Structures are given as structure tokens and as C-alpha cells.
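Atom set for the values below is all heavy atoms of this structure, side chains included, hydrogens, waters and symmetry mates excluded. The structure displayed is predicted, hence computed values, not measured ones.
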Amino acid sequence: MSKFLVLGIVLMLLFGFVRYKQKELISEDFKLVWADEFNTNGPPDEKNWNYETGFVRNEENQWYQKENAVCKDGFLIIEAKNENKINPNFVSKNHKDFAKNRDSIKVTSSCLITRGKHSWQYGRFEMRAKIPVGKGMWPAFWSLGIKGNWPANGEIDIMEYYTGKILANAAWKSKESKTAWDSETFKLSDFKDKVWANQFHIWKMDWDAHSIKLYVDNQLLNEIKVDKTINSANQEIIPFQQPHYLLVNLAVGGINGGEFTKADLPSKYIIDYIRVYQKNK
């Protein structure tokens, strides 16, 4: 009996240390149609990703540039860090556009997007990551529809974090031509684990023609009914019945990220993998 016990312990240890990314999802309903496992050291795979550049949205403090994203030891690392550079788009401090009234760049980071390279309509979208939760940090994993301007094209926030909160959201254009939101918010303390923020977690979206379900570690955070996002039968753009592309980024500060100081940087958003599955036909 002792030999079998020892053998069992050895096998448990061996399988326990198998890299997470080597364990494929086994499902009769879904098949893997796209993935980035970030296994090659260096810049992210150009076949999968484009980049946003500059001051982009939400009055965020970071200047986006591709140099802040790197693959190392099987992980994608997006790093927000202090820098001091001239803003090449500066016009004047009185300009109404925040991207043109800042004379310098104080913080840099990266936003990777699959727009123009990959998009999908429906499926299971999954990311395993460890998110930064320090002051001012605003990491996200989200999607946008390929047709139409925001919010008419539709936005899905599979993972969004800022100021101590995890969010699971969708946004679209309402009948009144305003932005409609379906949002659920959870405090980090709701997860009843003091080291939750220091661990890797799996964020997942299951999306079909009828609903969008958003999860973390298989806990359902929000379910959005697609019907309520359609304003009329002859609507030209149906935001959540069209292909979406993915974005993964680390923003800093801005209208939601909160206050921070130079001492709060650098900060790293560490992604193990991003995978897309679709239903077997």
C-alpha cells in the first residue's frame, strides 16, 4: 500500500506543476478557433495584434506605444511606467482636446487590438491574467463591434478594473441617441480572499445571438440580453449581432482610474493567454 501511496503523491505533484496554458479546454460544444499563448519571447505576434498610439480616450494619463508590451517566459506583460517626453501632438494648453493640450508625456503604456487582423461573431472569449490593482491602474480586456462609431458599434467589457472594483459591462446607443449601459460592479473584498489580487484569474465571455454572459473564475458577474440592445427592427447596425475585435490594455488615471503618483509606477498587467472558441456546427 505504501508504494501505491508514494506513486500517487508523485503523480499529483507532476500534474500539479503542468503549465496552465498546456491544459486545453475540453468541450463537446466549443472548438478553439484562435489563441495567443505568448510563448515566443519578444514583441507580441504581429499577425495577431495592432496597437493604439498616443493619448486616446477618457482623459487617461498614459501615452500608448507598442514598446510597453513584451512577451516573456510565456506571458504577455503590459507595463505602465514613468517617462518624460515631448507630446508630438501638442497644440496649446488651451486646446479643448486633452490629447493636444498636454505639452509632455509623463506615463506610457500599451493597448493591443486585433482590429484589422481578427474579429469574431459569437463564441467563448477567455483570458487568464493577473491584473494590477494599485493606485490609478485601469486594466481592461474588452471588445468593440467592427461597424459603426462608439457606442453604436457596441462595447463589451469582459474585464475592467479601477479604484478597487471589478466591472462587467456592455454599452450601446440607446433610442434617445445616448449611451446605454448594463453594468455590474464588484468590490475586490466581495471575493472573500485577501490575496485575490495577487493571483491569476480566468475571465470569460459566452456570447450568442441572444445573450452575453460575463464570468470570472466561472462566477457569473453579468448577463446582458441582446434583445434590449436593439432599438428597432430596421436598425442598420445591431451592436451585438456583428463581429467584434478584442482590446487588451493598461490605462492609468483619467476619468475613472483614480489618482496616482510617480511612486505607484511601474505597474504590470500579466496575461497568460487569450483564447477564442466557437460552437461546433
For E160 and N169, which I'm curious about, is there any donor-acceptor pair between the side chains at under 3.5 Å?
yes

With a 3.5 Å cut-off and no angle check, do the side chains of S92 and N94 form a donor-acceptor pair?
no

Donor-acceptor contact present, side-chain [X] to main-chain [Y], <3.5 Å:
{"X": "N222", "Y": "A168", "value": "yes"}
{"X": "Y269", "Y": "A140", "value": "yes"}
{"X": "K47", "Y": "K117", "value": "no"}
{"X": "N82", "Y": "D264", "value": "no"}
{"X": "N153", "Y": "G145", "value": "yes"}
{"X": "N101", "Y": "H95", "value": "yes"}
{"X": "E83", "Y": "V107", "value": "no"}
{"X": "Y51", "Y": "S110", "value": "no"}
{"X": "E184", "Y": "L221", "value": "no"}
{"X": "E79", "Y": "P266", "value": "no"}

Is it true that [X] and [Y] have a side-chain N and a carboxylate O under 4.0 angstrom from each other?
{"X": "E236", "Y": "K147", "value": "no"}
{"X": "E126", "Y": "R128", "value": "no"}
{"X": "K213", "Y": "D206", "value": "no"}
{"X": "R275", "Y": "E37", "value": "yes"}
{"X": "D217", "Y": "K204", "value": "no"}

Check this for me: D97, atom CG, are more than 12 non-hydrogen atoms of other residues, nucleotides or ligands nearer than 6.0 Å?
yes

Are more than 12 heavy atoms, taken from residues, nucleotides or ligands other than K81, located less than 6.0 Å from that residue's NZ atom?
yes

Interatomic distance, [X] atom [atom1] to [Y] atom [atom2] [nearest 0.5 angstrom]:
{"X": "Y277", "Y": "M205", "atom1": "OH", "atom2": "CE", "answer": "14.0 Å"}
{"X": "K165", "Y": "S189", "atom1": "NZ", "atom2": "OG", "answer": "11.0 Å"}
{"X": "I78", "Y": "I271", "atom1": "CD1", "atom2": "CD1", "answer": "4.0 Å"}
{"X": "K106", "Y": "Q62", "atom1": "NZ", "atom2": "CD", "answer": "15.5 Å"}
{"X": "I274", "Y": "L76", "atom1": "CD1", "atom2": "CG", "answer": "6.5 Å"}
{"X": "K173", "Y": "E155", "atom1": "NZ", "atom2": "CD", "answer": "15.5 Å"}

Could you walk me through whether K85 and T108 pass the side chain to side chain contact (heavy atoms under 4.5 Å, CB included) test, one step at a time?
CA-CA 10 Å; K85 302 191 291 187; T108 60; 4.3 Å; yes

How far apart are the closest heavy atoms of [X] and [Y], and which atoms are they?
{"X": "S143", "Y": "H244", "result": "OG-ND1, 2.9 Å"}
{"X": "N84", "Y": "S104", "result": "OD1-CB, 4.4 Å"}
{"X": "E60", "Y": "F98", "result": "O-CE1, 3.8 Å"}
{"X": "P243", "Y": "Q121", "result": "CD-OE1, 3.4 Å"}
{"X": "D208", "Y": "V226", "result": "O-CG2, 3.9 Å"}
{"X": "E223", "Y": "D182", "result": "O-OD2, 4.2 Å"}

Classify the ring geometry of [X] against [Y]: parallel below 30°, tilted from 30° to 60°, perpendicular beyond 60°.
{"X": "W49", "Y": "F38", "result": "parallel"}
{"X": "F186", "Y": "F191", "result": "tilted"}
{"X": "W150", "Y": "W181", "result": "tilted"}
{"X": "H118", "Y": "W34", "result": "tilted"}

Compare all side-chain heavy atoms of [X] with those of [Y] and state whether any distance is below 4.5 angstrom.
{"X": "M127", "Y": "M159", "value": "yes"}
{"X": "Q65", "Y": "T53", "value": "no"}
{"X": "W172", "Y": "P239", "value": "yes"}
{"X": "I131", "Y": "I166", "value": "yes"}
{"X": "V248", "Y": "C111", "value": "no"}
{"X": "T229", "Y": "I224", "value": "yes"}
{"X": "T179", "Y": "S174", "value": "no"}
{"X": "P139", "Y": "P132", "value": "yes"}

Check for me, please, whether [X] and [Y] land in the same ILVMFWY cluster - side-chain distances under 4.5 Å, paths through other members count.
{"X": "I156", "Y": "V33", "value": "yes"}
{"X": "W138", "Y": "Y64", "value": "no"}
{"X": "W142", "Y": "I202", "value": "no"}
{"X": "L265", "Y": "W63", "value": "no"}
{"X": "V133", "Y": "Y162", "value": "no"}

The single option from D157, L144, N50, I158 passing side chain to side chain contact (heavy atoms under 4.5 Å, CB included) against L247
L144

W207 and Y122 aromatic centres sub-6.0 Å:
yes

Please test F200 against F75 for ring-ring contact (aromatic ring centres under 6.0 Å, His included), starting from the C-alpha separation and ending with a verdict.
CA-CA 12 Å; F200 281 83; F75 299 97; 5.6 Å; yes

Using side chain to side chain contact (heavy atoms under 4.5 Å, CB included), reason through D103 and N87 one step at a time and then give a plain yes or no.
CA-CA 5 Å; D103 60 0; N87 176 9; 5.8 Å; no

For N61, what residues pass the side-chain hydrogen bond (donor to acceptor under 3.5 Å, both in side chains) criterion, not counting sequence neighbours?
none

Please step through side chain to side chain contact (heavy atoms under 4.5 Å, CB included) for the pair Y161 and L167, ending with a clear verdict.
CA-CA 6 Å; Y161 167 87; L167 298 95; 5.9 Å; no

For W196 and L188, what are the C-alpha separation, side-chain angles and deciding distance, and is it a side chain to side chain contact (heavy atoms under 4.5 Å, CB included)?
CA-CA 8 Å; W196 194 94; L188 287 181; 3.8 Å; yes

NZ or CZ of K279 within 45° of F30 ring axis and under 6.0 Å
yes

